[in-house]
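Below: one structure, written as structure tokens.
The basis for the numbers below is simple: all heavy atoms, side chains too, and nothing from hydrogens, waters or symmetry mates.
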Amino acid sequence: MKDDLLIKRIRAGDEDAAEKLVRKFYAQVMRFCRWQCGNNDMAEDLTQETFLKVFKSLDQYRNKGHFKAWLFCIARSVCVDELRKRRIEYEPDYDICEIGDKNEGIKNVEDEDEIRDLLSRLPTEQKEALILHFMDGFSYREMGDILNIPFRTAQSRVNLAIKTLRQKGVNK
């Protein structure tokens with residue numbers, strides 16, 4: 001079912017539609033939050049907070065056909081707010097090699113600690129762009145909507161991240 005139809009049904013009070021919407025996007029939002037905070041338990045809390053905010057502000061959604069970008073914009077905001085509030089460095093407890101599934105260059109790095117180290121040295125903007133593009137499969141336009149930047153800037157951030165990783169030895 002199309003997102004906008006689900007939203008229309010949710011606004012009309014259909015709880016089944018709300019459940020379908022959560023099921024449709026939960027895993028993607030959870031993965032995004034996990035990459036942002038590096039902790040599975042916190043990512044689950046942030047994912048739930050994201051959906052609470054989505055349902056509370058659903059009447060503000062106006063971008064017909066762009067619900068996923070709007071959802072991830074909220075998820076990003078929830079993650080940023082939480083990380084600022086805590087001001088804690090997180091030791092990731094996820095499999096960092098997951099990113100190797102989509103980025104051939106990172107597959108060439110065999111040591112998980114090396115990948116974790118390389119990603120930790122990327123500027124936040126580049127790391128976030130790399131995650132959105134390769135892990136969550138967003139187009140540059142969708143990334144621009146999520147990050148509130150022009151799509152060319154999103155494209156540039158991904159390219160810079162890849163260039164930085166290559167300079168640090170990913171594609172030896």
Side-chain angles (χ1 to χ4, degrees), residues 1-96 98-99 101-103 119-120 122-155 157-158 161:
M1 182 177 295
K2 298 269 184 190
D3 299 339
D4 287 335
L5 180 57
L6 283 173
I7 291 164
K8 184 178 181 178
R9 289 177 53 194
I10 293 166
R11 287 177 175 159
D14 185 343
E15 291 181 18
D16 289 337
E19 189 175 317
K20 285 179 185 177
L21 190 75
V22 171
R23 270 191 268 124
K24 182 175 182 177
F25 292 108
Y26 192 89
Q28 292 175 335
V29 173
M30 173 74 171
R31 183 175 54 240
F32 176 78
C33 291
R34 185 179 64 207
W35 275 100
Q36 292 296 317
C37 70
N39 178 290
N40 283 324
D41 292 334
M42 182 179 290
E44 192 169 326
D45 290 343
L46 294 172
T47 301
Q48 291 173 8
E49 178 68 22
T50 296
F51 282 103
L52 285 173
K53 285 193 175 202
V54 163
F55 289 120
K56 285 181 182 178
S57 59
L58 201 54
D59 60 323
Q60 297 173 10
Y61 171 69
R62 300 279 184 253
N63 299 333
K64 300 239 181 239
H66 299 285
F67 176 76
K68 187 176 177 182
W70 186 73
L71 169 66
F72 273 79
C73 189
I74 291 172
R76 179 178 182 259
S77 176
V78 166
C79 291
V80 167
D81 289 348
E82 183 65 22
L83 293 174
R84 280 185 187 148
K85 185 168 62 175
R86 292 182 184 244
R87 294 184 212 191
I88 297 174
E89 287 290 322
Y90 294 101
E91 180 64 31
D93 62 359
Y94 51 80
D95 182 5
I96 196 99
E98 288 176 6
I99 200 165
D101 294 339
K102 303 261 175 94
N103 187 338
L119 289 176
S120 72
L122 286 175
T124 303
E125 296 85 11
Q126 291 177 22
K127 180 180 173 183
E128 190 171 55
L130 200 67
I131 291 166
L132 286 170
H133 188 64
F134 288 109
M135 291 301 300
D136 294 312
F138 282 104
S139 70
Y140 297 121
R141 285 204 191 281
E142 291 170 323
M143 290 170 52
D145 290 343
I146 293 166
L147 301 172
N148 198 26
I149 58 174
F151 82 95
R152 295 270 187 218
T153 302
Q155 184 178 26
R157 286 181 183 179
V158 170

If I take atom CD from residue Glu142 and atom SG from residue Cys73, how far apart are they, to the nearest 0.5 angstrom? 13.0 Å
Atom pair CG/CZ of Leu6 and Phe67 - distance to nearest 0.5 Å: 8.5 Å
Could you pull out all residues at least two apart from Thr153 that satisfy side chain to side chain contact (heavy atoms under 4.5 Å, CB included)? Ile149, Pro150, Arg157
The salt bridge (charged side-chain N to carboxylate O under 4.0 Å, His left out) partners of Glu125 (sequence neighbours excluded) come to none
Can you find a heavy atom in the side chain of Glu82 that is under 4.5 Å from one in the side chain of Val78? no
Give me the ring orientation class for Phe32 and Phe72: parallel if the planes are under 30° apart, tilted from 30 to 60°, perpendicular past 60°. perpendicular
Within the 4.5 Å heavy-atom criterion, are Gln36 and Leu46 side-chain neighbours or not? no
Hey, does the side chain of Arg62 reach the backbone of Asp59 with a donor-acceptor pair shorter than 3.5 angstrom? yes
So, taking the atom named CG in Leu5 and the one named CD1 in Ile10, what distance separates them when rounded to the nearest 0.5 Å? 10.0 Å
Going by side chain to side chain contact (heavy atoms under 4.5 Å, CB included), name the residues that satisfy it together with Gln126, two or more places apart in sequence or in a different chain. Leu122, Pro123, Leu160, Ala161, Thr164
Atom of Phe55, atom of Leu21 and distance for their closest heavy-atom approach: CE2-CD2, 4.2 Å
Point-to-point distance, once rounded to the nearest 0.5 Å, from CZ of Arg31 to OG1 of Thr47: 11.0 Å
Hey, which of Lys24, Arg9, Lys68, Lys8 is the one that makes salt bridge (charged side-chain N to carboxylate O under 4.0 Å, His left out) with Asp3? Lys24
Salt bridge (charged side-chain N to carboxylate O under 4.0 Å, His left out) involving Asp45 - partner list, sequence neighbours excluded: none
Are Asp145 and Phe138 packed together at the side-chain level, in the sense that at least one heavy-atom pair is separated by less than 4.5 angstrom? no
State, yes or no, whether a side-chain contact exists between Trp35 and Cys79 at a heavy-atom distance under 4.5 Å. no
Candidates Ile74, Asp4, Val54, Leu71 - the one meeting side-chain contact (heavy atoms from CB on, under 4.5 Å) with Tyr61: Asp4
Mind checking what makes side-chain hydrogen bond (donor to acceptor under 3.5 Å, both in side chains) contact with Gln28, not counting sequence neighbours? none
Pairwise distance CD(Glu49) to CE(Met42) - rounded to 0.5 angstrom: 12.5 Å
Do Trp70 and Leu58 have side-chain heavy atoms sitting under 4.5 Å apart? yes
By side-chain hydrogen bond (donor to acceptor under 3.5 Å, both in side chains) - contacts of Glu19 (at least two apart): Arg23
Report, as yes or no, whether the 6.0 Å neighbourhood of atom CZ on Arg152 holds more than 12 heavy atoms from other residues, nucleotides or ligands. no
Can you give me the closest heavy-atom contact between Cys33 and Thr50, atom names plus distance? SG-OG1, 4.4 Å
Heavy-atom pair of closest approach, residues Ala154 and Ala129: O-CB, 4.4 Å
